[in-house]
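Written below as structure tokens is the structure these notes are about.
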Amino acid sequence: MTTATASLDLPCTPDYDAWPVEASIASVSATPRIVTLRWSDGRESRYHSIWLRENAADDTTINPATRERILDLSQLSGWPEVERAEIDAAGALAVTFASDNSRLRFHPGWLRAHDYDNADDPEAPLVPVTLWHGGPESVADTLDASGLLESDAGSDEEARILKPALESVLGKGLVRLRGLPTEPGSLEAIARRIGPVRPTNFGQLFDVKAKPNPDSNAYTSIALPPHTDLPTREYHPGLQMLHCLENSVEGGQAVMLDGFAVAEALRARHPAAFETLTRVHWCYANTARVTDYVWYSPMIRLNERGELLEVRIADFLRGPLQAPFDEVETAYAALMMLQRLLREPEFALRFSYAPGDLVIFDNRRLLHARDAFEGSTGHRWLQGCYMERDEVRSRYRMCQRREREMRLSSR
Ligand SMILES: [Fe+2]
């Protein structure tokens, strides 16, 4: 374990993060192109010389003001080869590069955290994805957020509320916060605790309530089938927030489904239909009075590993299918299999909004729906906004960074 005195002398890292030294470097050996470290816990890590050169934290490699890279590898005099590698007095790795005789130092905590030689899956999600089913017993992860707006931005109190909330959004695609204010417009201040709102043609915030001359079925009292919002956009929003200001109507119960669980059920039960929906491009169109959004995309999108990336489902926003003639019946048959699954009660999580509730969900994963409501018996007013998944990940990483900083300062 590195001592507190020695840690003062550790070099900075090529980022603004905190990297506690969980294991110290016990020994180092090198060839011109590979540096091998043995750690105090017995792990062995190998680093390529060019990787080390590019990731140095000195001011020929990064701009110290921004910690962004300024080095252009192609401008080096040659391939950066190691002349000498050693552990210095602070416990850092010090590498002398033969090409320019530069001696660059590397923080052991940072090196250990970026050990690509031993990484199982460097691109693993921040929080493991957990598929869920609905049914009568199912409830969303629910947290008391009553102190959120009173907390200082970046404070421990804010992180105490936000971190578990973001964890639920990242893992399950859904969280319900309770005890928030009911002032109209307060959603924007709440949302900004996570990140910037994504404005759309419906505004920065949008009001979900029955209104005259609606430009969306959402702004009526009719039932809405399970859907994701804005599938008509090339990049449809990764996150949606719905904040309940008033709810005194009969009906209008909210329904949420894990679109990934439904898609995986389709893959297991009807693999050909699943494959069809990952391939056929559907038309999504919102040809309203003054806007005309159209995009074509598969209904289910996978990453290169075959894992679910997003679902894009909204029957009321599908335009006319423009597929190869011989694909049309296959496409519709697959669509109907998916639609039948979406109606199965096992997937539906039902709940009623109470004033002060805020539901945050992954709009590229979850489907939301609502029952019809009777507008003459009271008022139902939700305010909503959109955001991107990137903001959730960034905010969650900042919570993790804060925890690391606290661990570091407590030593
Ligand atoms: Fe919606």
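Atoms within each ligand, like the ligands themselves, are counted from 1 in listed order. Just so you know, these numbers come straight off a predicted model, no measurement behind them.
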Task: With Arg343 via side-chain hydrogen bond (donor to acceptor under 3.5 Å, both in side chains) - residues at least two apart - done: none

What donor-acceptor contacts under 3.5 angstrom involve side-chain atoms of residues 317-336, with partners at least two apart or in another chain?
residue	atom	partner	partner atom	Å
Arg318	NH2	Asp315	OD1	3.0
Glu327	OE1	Arg279	NH1	3.1
Glu327	OE2	Arg279	NH1	2.3

TODO: Would you please name every residue forming a side-chain hydrogen bond (donor to acceptor under 3.5 Å, both in side chains) with Asp152, sequence neighbours left out?
DONE: none

TODO: Compute whether any side-chain donor of one residue and acceptor of the other, for Thr232 and Asn286, lie under 3.5 angstrom apart.
DONE: no

Task: Listed protein N/O/S atoms, distance to the Fe ion (ligand 1) under 2.8 Å - done: His227 NE2, Asp229 OD1, His368 NE2

Open item on the list: Counting only heavy atoms from other residues, nucleotides and ligands, does the tally under 6.0 Å from CD of Glu123 exceed 12?
Closed with: no

- [ ] Assess whether atom CZ of Arg389 is packed by more than 12 heavy atoms of other residues, nucleotides or ligands within 6.0 Å.
- [x] yes

